[in-house]
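If you read the sequence from its start, that first residue is 1, and numbering goes on from there. Quick caveat, the model's predicted, so the values are computed rather than measured.
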Amino acid sequence: MDFLVYLIIGCEIGFWVLLAAGLCTRYLLHRKRLGLALLAGVPLLDAVLLAAAGADLARGGSAGSVHGLAAFYLGFSVAFGHTLIRWADVRFAHRFAGGPAPVKAVKGTPPYRRGLWIEYGRVLIAMGIAVSVLLAMIVFLAAPGETDELWAWVKRAGLVAGIWLVAGPVYGMFEQPAPERPAGNTPEPTRR
């Protein structure tokens, strides 16, 4: 297995370790600055991955699927990383620090649909980053004649964006909110 695969796995594990360490330090140890510093270390993992993928190609490595995967990982990490950290922070603060309960938009409502479009915007950012990295690899780093796999990943970015559009915001436009039950008309539990 290519070392970049191990590095991608290591970056994913590192993301969750830094996230957990940052939240535990922030809320359980009450060291907010240290917790913030640990959470700020997450983007460094992306920089390490980008540098390693570029160095591999610059050293003459064959451009392959693992380089495309690294570009996609980088794109999604940058586009969704902050949102995921904020999502975990709200839940951790609620569970361990008496913070407010997380609010979830009700399916089929305008706030829910708006959230789907915002999420899709992040997908477009992720794909834009991934394609930019792939094109930079093709133009500056990959050996001539070894770019077919990287071009295939560029096409996959369009496919991912298209599928996400249909499965997310477009499907969400047709979802209807669940009917509300009148207060006091909750069904009694069945006893046997």
Side-chain angles (χ1 to χ4, degrees), residues 1-57 65-134 136-137 153 157 160-161 164 167-169 172 177-178:
M1 198 181 308
D2 196 343
F3 88 95
L4 275 178
V5 174
Y6 292 118
L7 188 59
I8 292 169
I9 293 168
C11 285
E12 182 65 16
I13 292 169
F15 171 83
W16 291 105
V17 167
L18 283 174
L19 179 61
L23 293 175
C24 287
T25 303
R26 186 174 182 175
Y27 292 110
L28 300 180
L29 302 178
H30 306 289
R31 308 258 329 255
K32 291 187 190 285
R33 285 187 183 173
L34 180 57
L36 186 60
L38 288 168
L39 293 173
V42 170
L44 295 177
L45 295 172
D46 298 331
V48 168
L49 180 60
L50 180 61
D56 183 50
L57 288 175
S65 291
V66 70
H67 296 92
L69 181 61
F72 268 55
Y73 178 85
L74 179 68
F76 274 95
S77 181
V78 170
F80 284 93
H82 180 71
T83 304
L84 187 55
I85 290 171
R86 188 174 55 238
W87 175 88
D89 186 55
V90 167
R91 280 146 183 81
F92 204 90
H94 173 66
R95 176 80 169 98
F96 296 105
V103 178
K104 185 176 180 181
V106 177
K107 284 187 177 187
T109 63
Y112 175 77
R113 291 179 180 132
R114 190 175 326 111
L116 290 175
W117 282 106
I118 290 169
E119 181 180 82
Y120 183 66
R122 288 189 187 101
V123 170
L124 293 178
I125 291 169
M127 293 299 93
I129 292 168
V131 168
S132 297
V133 169
L134 288 165
M137 287 180 184
W153 279 89
V160 167
W164 204 301

Out of curiosity, [X] [atom1] to [Y] [atom2], how far, rounded to the nearest 0.5 Å?
X      : Y      : atom1 : atom2 : result
Ile8   : Leu74  : CD1   : CG    : 10.0 Å
Leu124 : Trp117 : CG    : CH2   : 9.0 Å
Leu4   : Cys11  : CG    : SG    : 9.5 Å
Asp2   : Asp56  : CG    : CG    : 5.5 Å
Met127 : Tyr120 : CE    : OH    : 10.0 Å
Leu45  : Ile13  : CG    : CD1   : 11.0 Å

Near Arg33 CZ, under 6.0 Å, is it more than 12 heavy atoms from other residues, nucleotides or ligands? no
Can you confirm whether more than 12 heavy atoms, excluding those of Arg95, are under 6.0 Å from its CZ atom? no
With sequence neighbours left out, write down each residue that passes ring pair (Phe, Tyr, Trp, His ring centres under 6.0 Å) with Phe76, or none if nothing qualifies. Phe80
Taking only residues two or more places apart in sequence or in another chain, which ones pass ring pair (Phe, Tyr, Trp, His ring centres under 6.0 Å) with Phe96?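 Here the qualifying residues are Phe92.
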Report the residues that fulfil side chain to side chain donor-acceptor pair (under 3.5 Å) with Glu119, sequence neighbours left out, ordered by chain and then residue number. Trp164
Taking all heavy atoms of [X] and all of [Y], pick out the closest pair and write down the distance.
X      : Y      : answer
Val123 : Ala161 : CG1-CA, 4.4 Å
Ala79  : Ile125 : CB-CG2, 4.0 Å
Ala53  : Met137 : CB-CE, 3.8 Å
Gly168 : Leu116 : O-CD1, 3.7 Å
Tyr27  : Asp89  : OH-OD1, 2.7 Å

Does the Arg26 side chain pair with the main chain of Leu36, one donor and one acceptor, at a distance under 3.5 Å? no
Just by distance, do the side chain of Tyr73 and the backbone of Asp46 share a donor-acceptor pair under 3.5 Å?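 Answer holds: no.
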Apply side-chain contact (heavy atoms from CB on, under 4.5 Å) to Phe3 and Val66, showing your working. CA-CA 9 Å; Phe3 88 95; Val66 70; over 6 Å; no
Verdict with supporting geometry, Leu19 and Val42, side-chain contact (heavy atoms from CB on, under 4.5 Å): CA-CA 8 Å; Leu19 179 61; Val42 170; 5.5 Å; no
